[in-house]
Amino acid sequence: MKSLTFDTTNAICGAVFVALGGFFVYECLNLELGTALRMGPGYFPLVLASVLVLLGAIILVQSTRVEGEPMGPIALRGMLFILPAPVFFGLTVRGLGFVPSLFFTALIAAFASQRMKPLMALALAAGITVFSVAVFSYALGLPFERFGPWVRF
Amino acid sequence: MDLVSNLALGFSTAGSVENLFFCLIGVLLGTLIGVLPGIGATATIAMLLPITFQLEPVSSLIMLAGIYYGAQYGGSTTAILINMPGESSSAVTAIDGYQMARKGRAGAALSIAALGSFFAGSVSTFLVAIFAIPLTGIALKFGAAEYFSLMIVGLVSSVALAHGSIVKALAMVALGLLLGLVGTDIYTGTPRFTLGIREYADGLNFVAVAVGVFGIAEILRNLEGEKTRTLLMAKVSGLWPTKDDFRRMFAPVLRGTAIGSALGILPGGGAILAAFASYTVEKRISKTPEEFGHGAIAGVAGPESANNAGAQTSFIPLLTLGIPANPVMALMVGAMIIQGIVPGPNVASEQPALFWGIIASMWIGNLMLVVLNLPLIGLWVKLLTIPYYVLFPIIMAFCSIGVYSVNSNVYDLYAVAFFGIAGYLLVKLRCEPAPLLLGFVLGPLLEENLRRAMILSRGDPTTFVTRPISAILLAIAAIVLVVVFLPSIKAKREEVFQEED
């Protein structure tokens, strides 16, 4: 008996699309569908979401036929430091203000690479902050508070 | 003569000191980032998009266009010098350009690429100017049904030209369309898919999605296997091509320009396809095909002209119909909408200065690239020695500032992180992000036109096939879909994209 081979990547991919499509279908159920003449807010998305589920299912089925190449390495360290950077900026830009918030954002992102050394990171973050404040805050005049309420004494 | 007065208006707009300045900044930034391998034009524009929002609409679009063709240009510089195409459209240039560099003809290769690009850019800019008005005339006759069908053509073509599995690309389009619908329904005011977050009621911020899916995802991909970049730099000397070179580049440049201009207009087409097509043609008609792969001048001149011509003419569907032909154009649509301009046939008549200003600036930008970049090659090469890990924090800082500055909405920053990881995972699952972005931009327009068409036809769905223009467009879309699923084409398509990687 032939053992079932999987293309793991495609199997995951198909499952992800089915799940996402399922989510949108579920959300659509709370929306008014309307008729083909007067489409409600849920009509077009429901069609799309159903198509997405269908396509996901096709990918899933196809994945059992051929074996593909593996997914390759995943940038875990990168995700750990790159993704929190904008989130941190979002959380602190109003409280800490533009200058400190940007400095730490750059500092966090700097550690995404394993070759970054602490001193280098500090210097780089400082440089980016000085440059950005000069360009965005002074030259372009974006309405950012340079120092926010959390750091004012 | 209308064309002349229109172009005069364009040149006076683009020729103002301010716009010249932003055009210059655009081409410089574009070249700069195009030179850095690993970050493509789409990611570059996505990341620099927010910076331009503080500018006047004309200046902002001129600068963005400058970044686009600057990046094309920078990409070919690295392709020739270190065999590392900064842009996928210059992957073909690397084949023969790098061989020329190894033979000590780097300077000549760079000049040929630059001159070929300039020639192609000039011709295709002129084509844009000629075709813009008649096409706009046709577009004004378009009703909701025609727009719907036209967008279907655009989406289907983007699927046909995406890497890898067609089914996956279709799924990405569907997902993109759905994401585009997040926010308040325009007819009823019902919030959709906002998960109860009030800040997403206006829809997901286009910049946040683009920066996440293209910018952040690309950074993460670069962080996967950190390798030291080895620089086997050929010394650049003898910039000016010889008489013999000129003779040999003449015909390929002309053919490349023709191929590029034609393919650029097609929705979903553009620079990449044009470069490949041109290389194939040159190789086939060459008297010495064995030279290809070993430093053939035609193998540099043709594709370089073609990719530049394609880059310019892909503005035609954008400017006349408001339909983006590729992800970069999708970003331009986003930029226009944020600037309060509704892309479409009305732009030419309502904002002639903007419309013709952009067209004229393309030519000016190309001129700047030739004049500035040949002497600056030394500087660009030095940039290549900047270690990559220094770039990430800079990019992240600018992205954060940029995205936040669009609406001062911190939820946009969370969306960046979310779409960053989502984009990265989709790439890991071998899904191309381009169709997703196109779908995202077109989602709301598609739905609006579909609903409007159905109301106009009193609920009769045959309206899409009984109106002639709409029927033709849908037939084109169907043919494209059928063709990409044909086994022979499928194999050929995989082969082409294999080469590209």
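In the text below, chain A, chain B and the rest are named by the order of the sequence lines, each starting its count at 1. All heavy atoms count here, side chains included; hydrogens, waters and symmetry mates do not.
Heavy-atom distances place both the backbone and the side chain of B:Ile455 under 4.5 Å from chain A. Of the two parts of B:Pro191, only the backbone, made up of N, CA, C and O, holds a non-hydrogen atom closer than 4.5 Å to a non-hydrogen atom of chain A. At a 4.5 Å heavy-atom cutoff, B:Cys399 makes no contact with chain A through either its backbone or its side chain. The part of B:Tyr404 that comes within reach of chain A is its side chain, from C-beta onward, which places non-hydrogen atoms under 4.5 angstrom from that chain. Looking at A:Leu54, neither its backbone nor its side chain comes within 4.5 Å of chain B, counting heavy atoms on both sides. Contact of A:Leu48 with chain B is made through backbone and side chain together, with heavy-atom distances under 4.5 Å. Within the 4.5 angstrom heavy-atom criterion, only side-chain atoms of A:Ile58, from C-beta onward, approach chain B. Using a 4.5 Å cut-off between heavy atoms, B:Val390 touches chain A through backbone and side chain atoms alike. Proximity to chain B involves both the backbone and the side chain of A:Val87, based on heavy atoms less than 4.5 angstrom apart.
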Name each donor-acceptor pair under 3.5 Å that joins a side chain in residues 410-425 of chain B to protein atoms two or more places apart or in another chain, with its distance.
| from | atom 1 | to | atom 2 | distance (Å) |
| --- | --- | --- | --- | --- |
| B:Asp412 | OD2 | B:Asn205 | ND2 | 2.8 |
| B:Tyr424 | OH | A:Ala75 | N | 2.8 |
| B:Tyr424 | OH | B:Glu224 | OE2 | 2.7 |

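For chain A, the option among B:Ile216, B:Ile401, B:Leu426, B:Ile394 with the highest count of heavy-atom pairs below 4.5 Å is B:Ile401. Between chain A and the options B:Leu175, B:Leu178, B:Leu450, heavy-atom pairs under 4.5 Å are most frequent for B:Leu178.
A:Phe89 has its side chain out of reach of B:Met396: every pair of non-hydrogen atoms, C-beta onward, lies at least 4.5 Å apart. With contacts defined as side-chain heavy-atom distances shorter than 4.5 Å, the pair A:Ile12/B:Lys428 does not qualify.
Distance check: A:Leu76 CG to B:Leu223 CG gives 11.5 Å after rounding to the nearest 0.5 Å. The structure places CD of B:Glu447 at 11.5 Å from OH of A:Tyr43, a figure rounded to the nearest 0.5 Å.
Here salt bridge (Lys or Arg N to Asp or Glu O under 4.0 Å) pairs that include residues 178-187 of chain B, with residues two or more places apart or in two chains, are B:Asp185-B:Arg192, B:Asp185-B:Arg451.
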